[in-house]
Protein chains: 2
Amino acid sequence: MRIGEAAERSGVSAKMIRHYEGLGLLPRAARRDNNYRDYDERDVAVLQFIRRARDLGFSLDEAGVLLSLWRDRGRSSAKVKRLAEQHIADLDRRIAEMRSMADTLRGLASACRGDQRPECPILADLAGARAKH
Amino acid sequence: MRIGEAAERSGVSAKMIRHYEGLGLLPRAARRDNNYRDYDERDVAVLQFIRRARDLGFSLDEAGVLLSLWRDRGRSSAKVKRLAEQHIADLDRRIAEMRSMADTLRGLASACRGDQRPECPILADLAGARAKH
DNA sequence: CCTACGGCTTCCCATCATGGGAAGGTCAAG
DNA sequence: CTTGACCTTCCCATGATGGGAAGCCGTAGG
């Protein structure tokens, strides 16, 4: 099949498929006589694998590592699990950061009247007047 | 003061101060005879304002809007509050996304033995075999 | 007086993942 | 034979940040 169909079936855009190939994340695709890339079911499965890894927040580099582990029949599941746990820890760290931001903002916004007057604890906080607690 | 001191006092790197000026987020800095940029306390306060906005997750564009509202004495706090609430909603959406990723991964990782054997539900999931629930 | 050093200047490049779009080749249907 | 939907490669943009080169400025120490 051509790249458009592979894209549709995998959920990875044609643009990205070419890009992944350029990065070396995918092997160079087979070509037809007309120089069009040619894909089969296994290629689509690989693309779906990458797509799913991206959906779970893994970077392309990490997706590449997972892919090579997937292909390695003699792999130890310990390596996969370690990678997953590191990624979970990273997600948790970023979640905590963002929660802290959101909570701070919620506190400031709730103290802000939000009317036509200029007084605003949000701007006051940004300007350096830290809240009184 | 020179850019190095302004950077240290504001917590914004010299590199970024120049960049913000290039973006038009900051007015062009005053220059000394030797062409060095020259900053005063008010400049540092503006930089701190931007820094704080960034710390709360606002984009540079949003920081620019907040900055102009801060400078506008006749502003209505409603505009500030609306911007903050949109940002909170955006943070909450991203947090929910990441929590969903982390929770899925936690489920898969807990089902993975993590030993020297190749069986691994994490890879099985990525490969398209969706979990049984 | 020369040199070394630290600070500054501009400019270009890299990151990460993705998309937009131009210029041009290929192929099937009308 | 044209049209239109594909495909190709190549360049550029995003957003925020940093790295580093080449070169200027100014002071302190020999």
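Quick note on labels: first sequence line is chain A, next is B, and so on, each numbered from 1.
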side-chain N/O B/Asn34 vs D/dG26 OP1/OP2, d < 4.0 Å: yes

Length of the line joining B/Asn35:CG and C/dC8:C1', which is rounded to integer Å: 9 Å

Length of the line joining A/Tyr39:OH and D/dT8:C1', which is rounded to integer Å: 12 Å

Distance below 4.0 Å between B/Ser13 side-chain N/O and D/dT17 OP1 or OP2: no

Interatomic distance, A/Ile3 CD1 vs D/dC6 P [rounded to whole Å]: 13 Å

A/Arg2 bridged to A/Asp38 by N-O distance under 4.0 Å: no

Length of the line joining A/Leu26:CG and C/dA17:P, which is rounded to integer Å: 14 Å

Euclidean distance, atom CZ of residue B/Arg54 to atom P of D/dG15 [Å, nearest integer]: 12 Å

Value in whole Å for how far the P atom of C/dT9 lies from CZ of B/Arg28: 15 Å

Rounded distance in Å - CG (B/Asp33) to P (D/dG26): 8 Å

Under 4.0 angstrom between A/Arg51 side-chain N/O and C/dA17 OP1 or OP2: no

Pairing of B/Glu85 and A/Arg106 as salt bridge, 4.0 angstrom limit: no

Nearest to side-chain heavy atoms of B/His19, which nucleotide of D/dT17, C/dA17, D/dC6: D/dT17

Presence of donor-acceptor pair under 3.5 Å, side chain of B/Tyr36 and base of D/dG26: no

C/dT10 phosphate, OP1 or OP2, under 4.0 Å from B/Arg37 side-chain N/O: yes

First of B/Tyr20 and B/Lys15 reached from the 5' end of DNA chain D, by closest nucleotide: B/Tyr20

Shortest non-hydrogen contact from B/Val80 toward A/Cys120: CG1-SG, 3.5 Å

Partners passing side chain to side chain donor-acceptor pair (under 3.5 Å) against B/Asp90 (at least two apart in sequence or in another chain): B/Arg93, B/Arg94

Nearest-angstrom distance from the residue atom CG of B/Asp61 to C1' of D/dA16: 12 Å

Closest non-hydrogen atom pair, A/Ala29 against A/Tyr39: CB-OH, 3.7 Å

Sugar-phosphate, base or nothing in reach of B/Arg31, heavy atoms under 4.0 Å: sugar-phosphate

